[in-house]
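All residue numbers in this chain count up from 1 along the given sequence. In what follows, every heavy atom counts, from backbone to side chain, and hydrogens, waters and symmetry copies are set aside.
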Amino acid sequence: MKTKKLTIVALIGLSATMLFSCKKDQNTPTSTSDAAKATISGNAYAELDNTVGGLEFVPNGTKVIATIKLSGKDYNYSGEITNGKYSISIPVGRETKTYTLKFDSFSATQTLQDGSKKSKNYSTTTVKTVDLTATQNIAFDVIYDNVSDLNPTSFTHTVTFKGKLKYDSDVTDAANELTNTPDGTKVYFGNDYVTTVTNGEFQFVITTALVSTINNSIYFEDFKANQKTSDGNVLKVFHLSSSSASSNSLQDLGALTYIAQ
C-alpha cells in the first residue's frame, strides 16, 4: 500500500508539471518584471499654431496604446506623451508577437493665421502594426492629420489696438522732436478696458468670444506738464480728443499728438 501511495503522489506531481508547462507555452503577455520586454517609442506632432512654420508637439498626457489579441482577449499596454515623446515597454516573452499601435485623440486650442484662436479636435487615422521580439526597440513617429472644430460657433477672438502718444514740450523750436507722453497716463477703450502709457506707447489686447469686428472709442487721459514758451516754462494741461477704433485683428493708430490747453 505504501508503494501505491508514492506512485499516486508522483503521478500527481507529474500532471501538475505538465499543466504548468502547457500554460507557459501559451506565452501570454505578463506584467512580471522578469518577462522579456520590447520598447516602442517616438514623437507625436500636430499643427497647433498656423502663425509659425513647422509642427508642434502633441499635448502632454495624450495616450498611446499598444494592443495584442490572444485567445479572443485584448491585452493593452499604454504610454503617455510628454514633451512630444512617448515610450511603451511591453513584455513579449520568448516569441515574436504582433501589436497594433493606436494614438488617442485630443482637444486643443489652435492659433489661426490671423492670430485668433479656435478650439479643435485632433485625431489620426494612423494605425501602426508592429512585430515585436524580446529586447527589440522600435521607433515610430506620428503626425495628427485629422483636425475638426470642437465647436464651430466657439471662437476665442484676439484683437489688438496700439499707438504712440506725443506732445510738444518746446514751442520755441519748430525742429524740436515731440516728447513722449508721460508714463502712467491712462488710455481707455470704451468703458471696459484701460491701459497706461509706457515709453510713449499704449496697447490693448482684447480677447472676446465674438467673431465680428470690434468697434469702440479710445479715450485719452489729460495730463499736466511744463511747456517751454517764449515766456519761459509754463505748466499746461495737455488734451487729446477721443479716437474711433475698429478692428478684427490688429489696428495701429500710429502717432497721436496731445495739444496744450
Side-chain angles (χ1 to χ4, degrees), residues 47-57 59-60 83-84 108-120 149-151 153-261:
E47 181 62 87
L48 300 178
D49 190 344
N50 286 286
T51 64
V52 298
L55 300 172
E56 288 70 47
F57 287 141
N60 290 348
N83 297 325
T109 300
Q110 184 185 61
T111 302
L112 306 182
Q113 289 183 341
D114 64 358
S116 61
K117 299 180 184 296
K118 194 172 185 181
S119 297
K120 298 279 190 176
D149 290 345
L150 179 62
N151 183 346
T153 62
S154 177
F155 283 83
T156 302
H157 193 55
T158 302
V159 177
T160 302
F161 300 97
K162 67 177 183 178
K164 298 180 180 180
L165 300 178
K166 305 280 187 177
Y167 74 101
D168 191 353
S169 62
D170 186 355
V171 296
T172 65
D173 184 0
N176 183 54
E177 293 185 1
L178 297 178
T179 303
N180 287 338
T181 295
D183 287 355
T185 302
K186 294 181 179 179
V187 183
Y188 301 87
F189 183 81
N191 297 319
D192 299 322
Y193 302 93
V194 61
T195 188
T196 56
V197 176
T198 302
N199 296 324
E201 298 181 347
F202 72 91
Q203 177 173 286
F204 293 95
V205 179
I206 301 171
T207 301
T208 176
L210 299 177
V211 297
S212 58
T213 299
I214 297 178
N215 300 285
N216 220 320
S217 295
I218 296 182
Y219 301 94
F220 306 91
E221 182 181 40
D222 292 349
F223 65 88
K224 293 181 179 180
N226 287 325
Q227 185 180 63
K228 185 177 180 180
T229 69
S230 57
D231 297 326
N233 288 329
V234 178
L235 183 64
K236 293 188 176 182
V237 175
F238 288 83
H239 175 77
L240 179 60
S241 298
S242 63
S243 176
S244 296
S246 175
S247 179
N248 59 6
S249 56
L250 168 66
Q251 183 180 3
D252 189 344
L253 299 176
L256 303 174
T257 304
Y258 273 80
I259 303 299
Q261 301 295 294

Residue pair Thr198 / Asp183, side-chain donor-acceptor N/O under 3.5 Å: no
Val197 vs Phe220 side-chain heavy atoms within contact, under 4.5 Å: no
Inter- and intrachain pairs under side chain to side chain donor-acceptor pair (under 3.5 Å), touching residues 165-175, at least two apart: Lys166-Asn180, Ser169-Thr179, Asp170-Thr172
For the student: nearest non-hydrogen atoms of Ser247 and Ser249, plus distance: OG-N, 3.0 Å
Min side-chain heavy-atom separation Phe202-Thr181 under 4.5 Å: no
Any donor-acceptor N/O pair, Asn215 side chain to Ser246 backbone, under 3.5 Å: no
4.5 Å side-chain heavy-atom contact, Gln203 and Thr160: yes
Donor-acceptor pair between Thr196 and Lys186 side chains, under 3.5 angstrom: no
Gln110 side chain vs Glu47 backbone, donor-acceptor pair below 3.5 Å: yes
Exceeds 12 heavy-atom contacts within 6.0 angstrom, atom CD of Gln261: yes
Minimum-distance pair of heavy atoms, taken over all atoms of Val187 and Leu165: CG2-CD1, 4.0 Å
Compile the donor-acceptor pairs under 3.5 Å between side chains in residues 230-245 and protein atoms, sequence neighbours left out, one pair per line.
| residue | atom | partner | partner atom | Å |
| --- | --- | --- | --- | --- |
| Lys236 | NZ | Gln227 | OE1 | 2.8 |
| His239 | ND1 | Asp222 | OD1 | 2.7 |

Test side chain to side chain contact (heavy atoms under 4.5 Å, CB included) applied to Thr51 and Thr111, Asp114, Leu112, the passing residue: Thr111
Tyr219 side, atom OH; Asn191 side, atom CG - distance, nearest 0.5 Å: 7.0 Å
Step-by-step side chain to side chain contact (heavy atoms under 4.5 Å, CB included) determination, Asn216 to Tyr193: CA-CA 11 Å; Asn216 220 320; Tyr193 302 93; over 6 Å; no
Minimum heavy-atom distance between Phe161 and Ile214, given as atom pair plus value: CZ-O, 4.0 Å
